[in-house]
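The structure under discussion appears below in the form of structure tokens.
Fair warning: this is a prediction, and the values are worked out from it, not measured in the lab. Chain naming here is simple, since letters A, B, ... match the order of the sequence lines and numbering starts at 1 in each.
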Amino acid sequence: MPRLGPLASRSLSAWGRLVAASAFVLAGLGVVVGAWWATSSEDRVTSYVVSGSLNGVLLDLGDADADIMGGGEGRPVRVQYTDSFAFGHAPIVRRDVGGGVLSIRARCPKIVLGICSSRYRVTVPDNVPVTVRTNAGDVHFNDVRGSARIDTRDGDISVAGFCGFSLLAQSQTGDVQATAACAAERMVLRSRTGDVRALVPRGRYRIDASSDRGTRRLSGITSVDDAPFQIQALSSTGDVVVEAVP
Amino acid sequence: MSEAAVTDMNARVEPESLGLGRRLERASHALAFIAVGVPLGALGALAFAGVIAGATLSVLWLGLPLLLAATAACSRLAEADRRAANRFLDTHIAALPPLARTTGGPWRRSLAMLSDRQLWRLVALQAVKPPLAAATLVAALAPVILTAGLLGLGAQGIIGSGSTEYVGPLTLGPAAGALLVALALPAAVVAIAVLDGLYSVLCTVTRGLLVPRTAPGGPVREMLAESLGDETLSIAYWLPDRGAFFDEAGHQVALPDRGSGRAWTAVERDGRRVAAIVHDAAVDMGPELVQAAAAAAALAIDNERLKADLRARVEELRVSRLRIVEAGDAARRRLERDLHDGAQQQLVSLALSLRLLRNRLREQPHILPLVDDLDQQLRAALSELRELARGIHPAMLTDQGLGPAIEALAGRAPLPVELDIAVGAERLAAPIEAAAYFVVAEALTNVAKYAGAQVAHVQLRRASGELTIVVADDGIGGADAEAGSGLRGLHDRVSALDGTLTIESPPGHGTRIHTHIPLAPASSG
């Protein structure tokens with residue numbers, strides 16, 4: 001029978017063996033999950049066109065970012081989105097057309113130890129009202145000609161080249177910024193903690209701009225009570241700026 | 001094999017313990033120290049920033065008050081660190097030496113304070129503390145958060161509550177929940193191991209940062225070393241009644257021989273030999289310079305010489321006490337051996353003869369009860385003799401060392417004893433082993449007699465050049481170290497080895513006896 005020499009007395013104690021085994025299990029699991037994550041990660045791009053006459057577009061996108069582009073007169077609605085995910089846990093997308101309104105609802109599943117994100121790019125024709133709702137996703141409008149309503153919880157809102165009947169953009173914590181290419185009959189920009197900034201063509205507006213704790217600045221705009229166009233820019237703690245486009 | 005040997009071997013059989021209770025205690029103490037260290041680290045960063053700002057502005061004479069306030073804050077924070085380390089890490093760091101104080105105006109006092117090396121060491125400590133606190137916080141919390149996360153997600157999966165749908169590749173349901181809860185176990189083991197390791201690391205680092213570094217030769221040596229430009233300089237004090245040179249700690253020293261690379265210069269005062277300055281022979285210092293420095297410092301050196309004389313007497317006393325203890329132990333060992341080899345063997349032989357006699361007297365049943373009675377009395381006498389021999393000096397301690405002897409001791413205790421012994425395979429010096437053994441024996445006897453405890457814990461650690469013994473119980477506490485002669489005797493025994501023995505016994509919270517014995521005493525005489 002072999003004799004146990006000094007090496008045996010220097011070997012790991014029961015506790016040392018337990019710790020080594022535990023660390024081995026966790027490290028092994030970490031390596032396996034990491035390798036699985038790396039091999040299963042993918043970016044999936046989907047695009048489609050919705051033809052025919054639509055009365056509106058409603059996007060409810062959760063944490064996804066949205067780029068809404070003006071598409072011109074009589075063009076179809078084009079939707080393109082990129083989903084990034086791992087382990088096959090892709091965002092769940094529900095698409096529906098009812099009452100002439102295209103509705104898209106996208107949500108990532110609640111994941112611990114994994115990724116899931118989306119980015120939407122939607123081209124809408126002129127005079128089609130657009131409604132976008134997100135939680136953490138940012139929303140960008142570019143050259144949209146039609147009424148729009150945007151609601152975010154934490155995402156920023158930026159609207160450029162807007163020309164429509166009404167624009168309602170509000171966020172809880174994000175910044176709201178809108179540049180109008182033509183005077184909208186009603187432009188409402190609100191944020192609870194973010195900054196609010198409106199750039200509109202020179203002219204006479206009914207302006208309600210205020211901030212509880214931030215600064216308020218009007219520049220190049222004449223505020224009159226009987227003006228045909230209304231601007232409301234409100235923030236609780238952020239700065240509020242309403243100014244004319246140079 | 002004798003019956004005594006069989007009994008002792010049985011007492012040693014004990015399963016290898018994970019020491020989980022102790023590890024959890026150390027882990028919780030490490031967490032508590034880190035929790036205290038984070039705000040202290042943040043304050044330390046502020047104090048250090050104050051020192052930098054004060055030093056920068058002092059060019060304009062404006063920063064001096066800020067500099068003084070910030071350095072004082074650094075000193076107080078270091079003291080708070082020391083208290084926290086002693087409270088949670090059991091580091092036994094002595095109080096930090098007071099900062100230099102002098103008389104004179106505020107400007108002079110400020111300069112004296114700012115030129116104190118100890119102060120700048122404490123300031124440097126505050127610079128090191130914030131990153132150290134942050135690093136230990138991350139290292140400590142990462143495995144704890146992993147464990148808590150696995151448990152929380154596992155519970156969600158099993159109960160079906162919560163909004164999480166997937167954990168990595170798994171769909172969170174009862175099966176995945178059970179798997180995550182199972183994985184929380186190794187995560188918890190790793191968390192405890194990390195915190196346990198951090199406890200040791202923090203002990204070492206904190207000791208390294210906070211244990212005061214006094215100059216080996218005191219202020220006179222420092223002054224001479226600085227003036228003569230030789231950091232290796234030392235002073236040997238002449239004690240005329242002993243006719244020899246001694247160092248500041250009271251140990252006899254020999255002056256260097258010619259050609260050894262060291263040289264020495266005699267210091268005399270009023271024609272009396274006082275000391276010798278031992279310096280590097282290669283350092284370019286003329287004998288006139290050394291003589292001049294020696295003459296200037298002669299009075300101070302003579303004062304230091306008197307202190308060295310006192311310390312030499314203390315050292316002599318300590319060594320003689322150690323010799324008495326060693327002689328006592330040797331006598332105990334002889335007595336135990338005599339009892340074991342003499343009276344005990346005779347009694348065992350008598351017991352065997354009595355059994356033979358009993359077998360022969362089977363035909364005379366009226367005598368058998370008398371023989372059985374004799375046999376009982378003989379067994380009782382043998383048992384008492386064995387106990388007596390163990391109390392005098394355990395043979396197992398001599399033969400097999402401290403670990404097995406303590407295990408046997410715990411095996412005989414009338415209450416459960418959790419052992420955690422890490423003293424290594426190498427034997428310790430006999431006086432140290434004996435002191436450690438009798439500390440544990442006396443402490444366990446006291447626990448059994450007075451503490452009303454459910455369980456006792458015995459920990460022996462050999463680390464950092466010392467043997468640490470902790471005996472703790474969950475009894476009624478309130479023990480008085482001065483009440484019994486046993487603990488006083490142990491205190492003397494431990495002191496003779498340059499060790500310390502402290503008792504914490506708050507009423508209602510059990511008793512802890514901490515003993516520290518240096519493995520290499522200053523001198524063995």
Side-chain angles (χ1 to χ4, degrees), chain A residues 3-42 62-63 83-94 106-118 135-136 153, chain B residues 14-24 26-27 142-143 145-157 161-172 176-177 179-180 182-197 401 403 419-426:
Chain A
R3 288 172 63 83
L4 294 178
L7 265 180
S9 65
R10 282 202 299 270
S11 63
L12 282 177
S13 64
W15 172 251
R17 289 195 295 274
L18 181 61
V19 172
S22 301
F24 181 77
V25 166
L26 292 178
L29 205 64
V31 169
V32 169
V33 171
W36 194 341
W37 186 334
T39 53
S40 65
S41 290
E42 63 176 298
D63 293 336
D83 293 331
S84 302
F85 55 92
F87 303 120
H89 304 322
I92 299 160
V93 182
R94 204 172 62 209
R107 286 288 185 278
C108 274
K110 301 285 185 191
I111 297 176
V112 175
L113 204 67
I115 52 160
C116 177
S117 66
S118 294
N135 292 326
R153 192 187 63 202
Chain B
E14 186 174 306
E16 194 177 6
S17 167
L18 293 175
L20 202 55
R22 182 185 61 82
R23 292 183 198 284
L24 276 172
R26 281 162 54 107
I145 289 172
L146 175 65
T147 307
L150 286 168
L151 275 177
L153 288 169
Q156 276 186 32
S161 64
S163 59
T164 305
E165 296 168 60
Y166 301 103
V167 177
L170 301 172
T171 303
L172 190 58
L179 177 64
L180 293 174
L183 282 173
L185 187 64
V189 169
V190 170
I192 293 169
V194 167
L195 288 171
D196 191 21
L419 287 179
D420 176 15
I421 301 174
V423 293
E426 191 185 343

Neighbours of chain A found in residues 145-153 of chain B - heavy atoms under 4.5 Å: B/Leu146, B/Leu153

Mind listing the closest non-hydrogen atom pair of A/Leu26 and B/Ala187 along with its distance? CD1-CA, 3.5 Å

Measure A/Trp37 against the heavy atoms of chain B and call it side chain, backbone, both or neither at under 4.5 Å. neither

Heavy-atom proximity to chain B below 4.5 Å, by part of A/Ile115: neither

Flag side-chain contact, heavy atom, 4.5 Å: A/Val19 against B/Ile192: no

Could you have a look at A/Leu18, A/Val25, A/Val33 and say which one has the most heavy-atom pairs with chain B under 4.5 angstrom? A/Leu18

Set of residues satisfying side chain to side chain donor-acceptor pair (under 3.5 Å) with respect to A/Ser84, sequence neighbours excluded: A/Asp43

Can you confirm whether B/Leu170 sits close enough to A/Phe87 that some side-chain heavy atom of one is under 4.5 Å from a side-chain heavy atom of the other? no

Under the rule for ring pair (Phe, Tyr, Trp, His ring centres under 6.0 Å), what residues qualify as partners of B/Tyr166, not counting sequence neighbours? A/His89

Heavy atoms only, distances under 4.5 angstrom: which of B/Pro169, B/Gly162, B/Pro143 has the most pairs with chain A? Name it, please. B/Pro169

List the residues meeting salt bridge (Lys or Arg N to Asp or Glu O under 4.0 Å) with A/Asp83, not counting sequence neighbours, and say none if there are none. none

